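See structure below.
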Amino acid sequence: MDLYQSPSHSKEHTVYLDAIWNQLQEQINPFLRVLCINGSIYRLMDDFGKWYIAKKFMEFTREAVMFCRDGTGQDRHYLGAPRHFIANGGIVHSPDGLEPFWTMDNGSNAHLETTTVCQPLAPSKPAKIPRPPNAYILYRKDRHNIVKAANPGITNNEISQILGRAWNKESREVRQKYKEMSEAIKVALLEKHPDYQYKPRKSSEKRRRTRRIHQTQGISVEVDLAASSATNTMA
DNA sequence: CGGAATGAAAT
DNA sequence: ATTTCATTCCG
């Protein structure tokens with residue numbers, strides 16, 4: 001059969017992978033950067049499986065992730081961006097030609113564990129922070145489904161027209177309520193991202209078609225931590 | 001992506 | 001003063 005990872009997208013294949021992913025997903029929270037995977041489960045995955053799970057997790061991290069075996073003797077692997085592994089005093093060695101492996105700096109350097117690396121589909125974006133919604137946007141968001149349910153077949157543009165009129169007729173109290181909400185959201189955002197700054201782009205450089213790069217075989221051994229190749233967006 | 005509404009923030 | 005974009009989602 002296929003010695004290499006020719007991604008056979010068979011139903012059964014992804015079904016069990018989805019099961020694994022669902023399991024792992026329980027770990028996910030806004031602060032989680034690295035997933036923990038039991039060794040037994042890890043060994044259940046082939047190259048395609050690892051790529052599949054990594055791809056899923058990258059939707060959260062928005063950056064390149066890699067698998068690393070726990071160097072402390074625990075039978076488990078971690079999945080996360082390389083920077084997290086070195087941040088904890090770890091070291092990633094990459095012998096020429098061979099797969100890179102990772103060790104912890106805390107004494108037990110006896111075991112050099114190998115790792116599998118997955119490159120991101122989209123070269124690690126700096127995670128763009130969405131603009132905070134203004135009062136009207138919040139108002140529309142709230143009533144969007146209401147209006148939609150009341151008017152079968154209505155288009156979003158029509159919903160905007162209706163709610164635009166409704167908004168302008170709304171009482172000061174209501175408008176004020178949404179205004180405060182939007183400001184609270186803005187404050188929370190700035191608290192979470194002190195560096196955030198609205199950066200509108202020129203319409204000329206507006207989002208080209210979402211570069212959907214279906215990397216058939218995303219397993220490539222290539223992780224340079226020293227000089228993280230910050231490949232820019234499309235050419 | 002454009003569009004349809006409003007408003008905040010950048011240019 | 002003008003333009004982007006945040007929300008929503010069909011064409």
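The model shown is predicted, which means the values in this text are computed figures rather than measured ones. Every chain is numbered from 1 and lettered A, B, ... according to where its sequence line falls, protein lines coming before strand lines.
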A/Tyr139 side chain to A/Glu170 side chain, donor-acceptor N/O pair below 3.5 angstrom: yes

Atom CD of A/Glu183 and atom C1' of C/dA6: how far apart are they, to the nearest Å? 16 Å

Separation of A/Asn168 atom CG from B/dA4 atom C1', in whole Å? 13 Å

Using a heavy-atom cut-off of 4.0 Å across all strands, would you classify A/Lys148 as base, sugar-phosphate, or nothing? sugar-phosphate

A/Ile137 has a side chain; which of B/dA5, B/dA8, C/dC9 sits nearest to it? B/dA5

Rounded distance in Å - NZ (A/Lys199) to P (B/dA10): 11 Å

Protein-nucleotide distance (A/Glu158, atom CD; C/dT7, atom P), rounded to Å: 22 Å

Should A/Lys141 be listed as having a side-chain N or O under 4.0 Å from OP1 or OP2 of C/dT8? yes

When you measure from the side chain of A/Asn134, which nucleotide among C/dA6, B/dA9, B/dA4 comes out closest? C/dA6

Salt bridge or not for A/Asp142 and A/Lys177, using N-O below 4.0 Å? no

So which nucleotide from B/dT6, B/dA8, B/dG3 ends up closest to the side chain of A/Asn157? B/dG3

First encountered from the 5' end of DNA chain C, between A/Ile129 and A/Thr155: A/Ile129

Atom-to-atom span, CH2 of A/Trp167 to C1' of B/dA5 - whole angstrom: 11 Å

Do the side chain of A/Arg140 and the base of B/dT6 come within less than 3.5 angstrom through a donor-acceptor pair of N or O atoms? no

Options B/dA4, C/dT8, C/dA6, nucleotide nearest the side-chain atoms of A/Arg131: C/dA6

Test item: A/Asn134 side-chain N/O and A/Tyr136 main-chain N/O as donor-acceptor pair under 3.5 Å: yes

The answer to which of A/Pro200 and A/His144 contacts DNA chain C further toward the 5' end, by nearest nucleotide, is A/Pro200

Counting just side-chain N and O atoms, does A/Lys186 come under 4.0 Å of either OP1 or OP2 of B/dA9? yes

Heavy atoms under 4.0 Å, any strand shown: does A/Leu163 hit a base, just sugar-phosphate, or nothing? nothing

Please classify the nucleic acid contact of A/Arg143 as base, sugar-phosphate, or nothing, using heavy-atom distances under 4.0 Å. nothing

Nearest listed nucleotide, side chain of A/Arg201, among C/dC5, B/dT11, C/dT7: C/dC5

Expressed as a whole number of angstroms, how long is the span from A/Ile162:CD1 to C/dT8:P? 17 Å

Taken to the nearest whole Å, OH/A/Tyr136 to P/C/dT7 is 13 Å

Going by an N to O cut-off under 4.0 Å, is there a salt bridge joining A/Glu183 and A/Lys179? yes

A/Asp75 side chain near A/Arg43 side chain, heavy-atom distance below 4.5 Å: yes

Identify which nucleotide among C/dC9, B/dT6, B/dG7 has an atom closest to any side-chain atom of A/Arg175, counting heavy atoms from C-beta outward. B/dG7

Starting the side chain at C-beta, find the nucleotide from C/dC9, B/dA8, B/dA10 nearest to A/Gln197. B/dA10

Output the rounded distance in Å from OH (A/Tyr196) to P (C/dA6). 7 Å

Hey, are A/His144 and A/Asn156 close enough side-chain-wise for a donor-acceptor pair under 3.5 Å? yes

